[in-house]
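What follows is one structure encoded as structure tokens, with my remarks underneath.
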Amino acid sequence: MFIWDACKDLTLIVLMVAAVASLALGIKSEGIKEGWYDGGSIAFAVILVISVTAITDYKQSLQFQDLNEHKRNIHLQVIRYGRRIEISIYDVVVGDVIPLNIGNQVPADGILITGHSLAVDESSMTGESKIVNKHSKEPFLMSGCKVADGSGTMLVTAVGINTEWGLLMTSISEDTSEETPLQVRLNGLATFIGIAGLAVAIIVLVVLLARYFSGHTKNPDGSVQFIAGKTSVGDAINGVVKIATIAVTIVVVAVPEGLPLAVTLTLAYSMKKMMADKALVRRLSACETMGSATTICSDKTGTLTMNQMTVVEACVGGKKILPPNDKSQLSPILYSLLIEGAAQNTNGSVFVPESGNGVEVSGSPTEKAILHWGFQLGMDFEATRSESSIVHVFPFNSDKKRGGVALQMVTPSLQPDAEIHIHWKGAAEIVLASCTRYFDINDQLVDMDEEKMTVLRNVIEDMAANSLRCVAIAYRLLDKTENIPTGEEELACWSLPEDDLVLLAIVGLKVCISSRINTIMSSLSFLESITILEGSIPCKLCIEMQDPCRPGVKDAVHLCQKAGVKVKMVTGDNVKTAKAIAVECGILGSLADATEPNIIEGKTFRALSDKEREDIVEKISVMGRSSPNDKLLLVQALRRKGHVVAVTGDGTNDAPALHEADIGLAMGIQGTEVAKESSDIIILDDNFASVVKVVKWGRSVYANIQKFIQFQLTINIAALVINVIASFSTGDVPLNTVQLLWVNLIMDTLGALALATESPTDHLMDQLPVGRRDPLVTNIMWRNLLIQAMYQVSVLLILNFQGRSILSLRHEINAYAVKVKNTIIFNAFVLCQVFNEFNARKPDEFNIFKGVTKNYLFMGIVGLTIVIQIVIIEFLGNFTKTVKLNWKQWLICVFIGFISWPLAVIGKLIPVPTTPMNNCFRRFQCGRTRRKMDS
């Protein structure tokens with residue numbers, strides 16, 4: 001298939017026809033022993049070009065297939081033998097029990113075992129956008145659907161192609177022919193260059209044919225090639241075929257088919273390397289768009305911070321307890337309610353091995369932290385859960401920033417009790433706002449007066465000021481008289497009471513130190529998404545957690561700022577916590593900068609008009625207590641101001657912001673499948689430093705393409721000018737068909753491989769972002785390529801016209817002297833490209849050798865090019881119409897190529913205007929048009 005695609009190139013087809021004609025005429029006129037050289041050489045060169053192109057395309061397709069497999073490889077948790085483990089979606093088997101939460105993708109066909117307000121988006125299967133509620137009467141779940149709300153567990157009944165989704169996919173072939181914006185622009189550039197080359201080839205064809213039939217074209221021995229009435233028809237046709245072949249070859253050199261290949265190579269190479277840097281690219285266009293990013297809106301938890309926490313402070317019964325896991329300071333009722341809430345109001349799970357050692361806690365980072373704290377207080381997870389049954393669950397989400405559960409208490413005889421306990425857990429200040437009472441240390445309910453409320457708010461603020469995350473735990477008692485629904489459909493619509501709550505505790509979470517605590521602490525991300533509730537809830541507990549910056553984040557933020565990329569923190573935490581973390585990360589210079597509008601609360605930003613948001617959006621560095629909708633409003637305002645915006649997100653409700661942004665970055669660990677599906681790139685380690693690496697790779701894609709364009713245009717201009725001038729003046733060209741095909745191979749395939757696979761350097765982050773409409777060929781590139789092209793044209797034309805005298809060939813036989821001269825021109829031209837390939841690596845730097853030894857592919861291609869060139873000159877003269885050169889002539893060729901290096905250094909000292917050249921042309925054209933209109 002790839003060989004067939006390569007053979008479809010029109011210019012190569014024409015060359016193959018020319019090869020066949022040249023082969024037939026050559027054998028007829030010169031015999032098979034000598035007559036097959038010309039046609040055979042062209043045919044071999046064309047086959048070589050086709051083979052290299054096909055092999056390269058095949059290898060790139062394999063890379064893209066591998067990346068597509070990574071995109072589909074979702075990791076999820078399953079319950080096997082009572083233990084929750086993480087596996088690949090490819091390892092799911094019939095009989096697995098799979099927990100489902102908001103944003104998850106249903107990984108296989110199955111039946112619902114238990115569910116709480118579980119709602120599934122089945123639009124991917126049915127085409128209907130209606131959300132379907134799942135319960136005992138509607139228990140069937142289909143692979144590929146997304147969990148829109150609630151939670152539950154399912155039993156897998158079918159996997160792979162045996163699922164409804166699998167059967168559908170077997171009849172659909174995936175379209176992988178996505179074209180990025182850069183590819184579209186390059187196709188336009190290639191078309192323009194190709195048209196110019198075609199025009200030049202037509203002019204050369206007409207001139208050469210006119211000179212040939214008018215008797216002005218001569219053989220190397222001085223004899224006229226065509227004499228009317230004397231030259232045979234076969235010889236005349238052979239002469240015309242050779243002229244036509246030269247014209248077609250000029251088209252081959254002029255048409256930059258290597259440009260699309262270079263984009264494909266650099267995208268495939270970048271995507272593969274980005275995988276190693278913990279970034280999975282889902283959409284090709286995101287690679288290059290990241291190079292233009294001017295603003296990154298980043299989550300705090302897990303991205304800028306470690307997202308690994310443990311409870312370090314606890315305010316229980318209206319007072320702080322030290323240490324926070326000291327059970328003796330807790331009253332019996334308060335202790336019982338805390339343990340009940342920790343065990344039941346959670347999506348986490350606990351597995352205790354038969355040995356009783358090494359308890360495994362799973363769930364979100366916050367869930368794991370609180371469950372671990374419960375274990376430290378003496379909680380028996382399974383025993384506590386057996387004392388009550390879950391009636392209804394209010395799943396946690398980033399909009400509500402809280403989660404709750406209704407429990408039916410069970411009597412010692414295992415009969416349902418009349419009591420219903422409602423447990424809430426969420427952002428401390430939000431839950432506290434809904435509390436009307438609290439338990440004191442004597443298990444007495446005390447009304448929450450304004451003084452006590454102020455004290456507790458101060459506790460939360462003190463924790464937040466120390467970069468700790470606060471979680472409040474509260475509960476409420478209901479009885480059967482309060483119209484508690486009993487039916488499954490009624491329960492699905494029931495909203496848990498949020499008012500008149502009793503505060504149990506406020507706990508503070510901090511980063512883990514030991515590896516064991518580290519594992520449990522990773523659950524703290526839950527706290528990031530908690531919000532304030534309106535109403536009145538009795539208050540139980542406040543938990544304080546700290547989540548420090550990740551190592552290297554401060555340097556990464558500084559690198560972004562130096563590169564002209566503004567970093568904005570968008571977090572669900574309260575403003576004081578956000579402020580402390582922002583200073584620690586370097587987003588804010590100091591606490592003195594933490595004033596509006598540098599730091600703003602989500603509800604304040606939300607209340608502004610569109611115009612007011614646009615006025616302040618560029619000044620905002622931190623947004624605290626934000627909802628996913630606030631993030632969306634921020635992105636929209638930034639884009640209206642002309643920014644190229646990258647946004648990180650992990651929740652289902654982040655999907656609109658991820659979709660709206662120029663580049664959506666989903667979190668690979670904490671991100672839901674809905675968020676990942678809406679994103680362009682998945683950050684596999686949830687680390688902001690990886691986001692910065694993506695920016696660097698995005699800039700590298702653009703820079704590598706520009707390097708290749710500079711290299712290719714230099715060859716295009718030089719080869720075309722040399723052949724055109726030579727054909728006009730002598731009726732012959734110094735670079736013949738086979739030679740130009742070899743140059744074309746160096747320029748297109750090998751050049752693309754060498755220059756499109758350069759790794760990014762820190763120098764890229766010293767520049768401002770590339771604008772969407774910035775020209776592909778910058779003024780610096782024009783300067784570099786014109787200097788090199790002018791040098792090559794000047795030197796090689798001098799050799800073409802004065803080569804015999806300069807090279808001391810006057811006393812040689814004319815035919816031999818011409819062959820030596822043309823061989824030196826060809827050899828020097830190729831070596832100029834080899835030396836200039838080094839120049840193209842660093843268009844705006846003086847040290848062109850920096851890091852070159854680390855790019856083994858570049859060094860290998862340069863070495864291969866030189867070896868093949870030596871073989872061509874010394875051993876394949878019959879095919880390429882060249883002769884062997886002595887060591888002096890080789891030194892002359894090497895010296896001509898070497899001059900490219902000092903010439904490039906001198907050229908870089910020449911200043912260039914900041915206004916792009918195409919803008920100058922546009923202004924000139926507008927000026928001419930205006931003058932015409934005035935006249």
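When reading the values below, keep in mind they use all heavy atoms of this one structure, side chains included, and skip hydrogens, waters and symmetry mates.
- Between Lys631 and Glu660 there is no salt bridge, since no side-chain N of the basic residue sits under 4.0 Å from a carboxylate O of the acidic one.
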Under the side-chain contact (heavy atoms from CB on, under 4.5 Å) rule, what do Val92 and Ile87 come out as? Steps first, then yes or no, please.
CA-CA 8 Å; Val92 173; Ile87 64 171; 4.0 Å; yes

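- Within the 4.5 Å cutoff, the side chain of Ile85 has no heavy atoms near those of the Gln77 side chain.
- Going from atom CZ of Phe688 over to atom CD1 of Ile683 covers 10.0 Å, rounded to the nearest 0.5 Å.
- Here Ile296 contributes atom CD1 and Met290 contributes atom CE; the two are 5.0 Å apart, rounded to the nearest 0.5 Å.
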Val694 and Met274: side-chain contact (heavy atoms from CB on, under 4.5 Å), yes or no, with the steps?
CA-CA 7 Å; Val694 172; Met274 286 166 73; 3.8 Å; yes

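- Nearest heavy-atom pair, Ser151 versus Asn101, reported as atom, atom and distance to 0.1 Å: CB-OD1, 3.5 Å.
- When the salt bridge (Lys or Arg N to Asp or Glu O under 4.0 Å) test is applied to Lys278, no partner is found at least two apart in sequence or on another chain.
- If you run side chain to side chain contact (heavy atoms under 4.5 Å, CB included) between Asn687 and each of Val553, Val692, Asp277, only Val553 comes through.
- Qualifying side chain to side chain donor-acceptor pair (under 3.5 Å) partners for Asp109, counting only residues two or more places apart in sequence or in other chains: none.
- In summary, of the residues considered (Val120, Leu118, Leu155, Leu100), a side chain to side chain contact (heavy atoms under 4.5 Å, CB included) with Leu112 occurs for Leu118 alone.
- Using cut-offs of 30° and 60° for the angle between ring planes, the His421 and Tyr475 rings count as perpendicular.
- Residues passing the side chain to side chain donor-acceptor pair (under 3.5 Å) test with Ser495: none are found, sequence neighbours excluded.
- The main-chain N or O of Gly668 is found under 3.5 Å from a side-chain atom of Lys676 such that the two form a donor-acceptor pair.
- Every residue was checked against the side chain to side chain donor-acceptor pair (under 3.5 Å) condition with Lys146, not counting sequence neighbours, and none meets it.
- The minimum heavy-atom distance between Ala119 and Asn133, with the atom names listed, is CB-OD1, 3.6 Å.
- Thr346 OG1 to His423 NE2: the interatomic distance, rounded to the nearest 0.5 Å, is 12.5 Å.
- Side chain of Asp680 to main chain of Gly664: a donor-acceptor pair is present (N/O by atom type, distance under 3.5 Å, no hydrogens or angles).
- Looking only at side-chain heavy atoms (C-beta outward), Ile113 and Val97 come within less than 4.5 Å of each other.
- The heavy-atom pair separating Leu76 from Ser88 by the smallest distance is CD2-C, 4.0 Å.
- In this structure, the side chains of Cys297 and Leu634 come closer than 4.5 Å at one or more pairs of heavy atoms.
- Under the 4.5 Å side-chain criterion, counting only non-hydrogen atoms from C-beta, Thr153 is not in contact with Ile98.
- For Arg83, the side chain to side chain donor-acceptor pair (under 3.5 Å) partners at least two apart in sequence or on another chain are Glu360.
- Between the side chain of Thr648 and the main chain of Leu665, no donor-acceptor pair closer than 3.5 Å is present.
- At a threshold of 4.5 Å between non-hydrogen side-chain atoms, the residues Met142 and Glu122 count as touching.
- Checking side-chain atoms of Asp662 against main-chain N and O of Val645 turns up a donor-acceptor pair under 3.5 Å.
- No donor-acceptor distance shorter than 3.5 angstrom exists from the side chain of Ser700 to the backbone of Lys696, with no hydrogens or angles considered.
- Side-chain atoms of Gln344 come within 3.5 Å of backbone N or O of Arg385 as a donor-acceptor pair.
- Ile682 contributes atom CD1, which lies 5.5 Å from atom CZ of Arg282 (distance to the nearest 0.5 angstrom).
- Ile131 contributes atom CD1, which lies 4.0 Å from atom CG of Asp121 (distance to the nearest 0.5 angstrom).
- By the 4.5 Å heavy-atom criterion applied to side chains, Lys425 and Glu367 are counted as neighbours.
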After noting the C-alpha distance and the side-chain angles of Gln408 and Ile420, does the key distance pass the side-chain contact (heavy atoms from CB on, under 4.5 Å) rule?
CA-CA 5 Å; Gln408 174 82 62; Ile420 298 289; 3.5 Å; yes

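- Considering all non-hydrogen atoms of both residues, Ala675 and Ala666 come closest at O-CB, 3.7 Å.
- More than 12 non-hydrogen atoms from other residues, nucleotides or ligands lie less than 6.0 angstrom from NE2 of His135.
- Here the closest non-hydrogen pair linking Ile390 and His116 is CG2-CE1, 3.4 Å.
- Judged by distance alone, with hydrogens and angles left aside, the side-chain atoms of Ser386 form a donor-acceptor pair with the main-chain N or O of Ala383 at under 3.5 Å.
- Between the CG atom in Asn345 and the CD1 atom in Ile370 there is a gap of 8.5 Å [rounded to 0.5 Å].
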Please report the C-alpha distance between Ile89 and Gln105 in whole Å, then the side-chain angles of each, then the deciding distance to 0.1 Å, and finally whether the side-chain contact (heavy atoms from CB on, under 4.5 Å) criterion is met.
CA-CA 10 Å; Ile89 193 172; Gln105 176 178 307; 4.3 Å; yes

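- Within the 4.5 Å cutoff, side-chain heavy atoms of Glu498 are placed close to those of Trp424.
- A 4.5 Å side-chain heavy-atom check between Thr757 and Lys273 finds every atom pair outside the cut-off.
- Every pair passing salt bridge (charged side-chain N to carboxylate O under 4.0 Å, His left out) that includes a residue from residues 135-145 is listed here, sequence neighbours excluded: Lys134-Glu138.
- The two residues Asp299 and Gly649 come nearest to each other via the heavy atoms OD2-CA, 3.5 Å.
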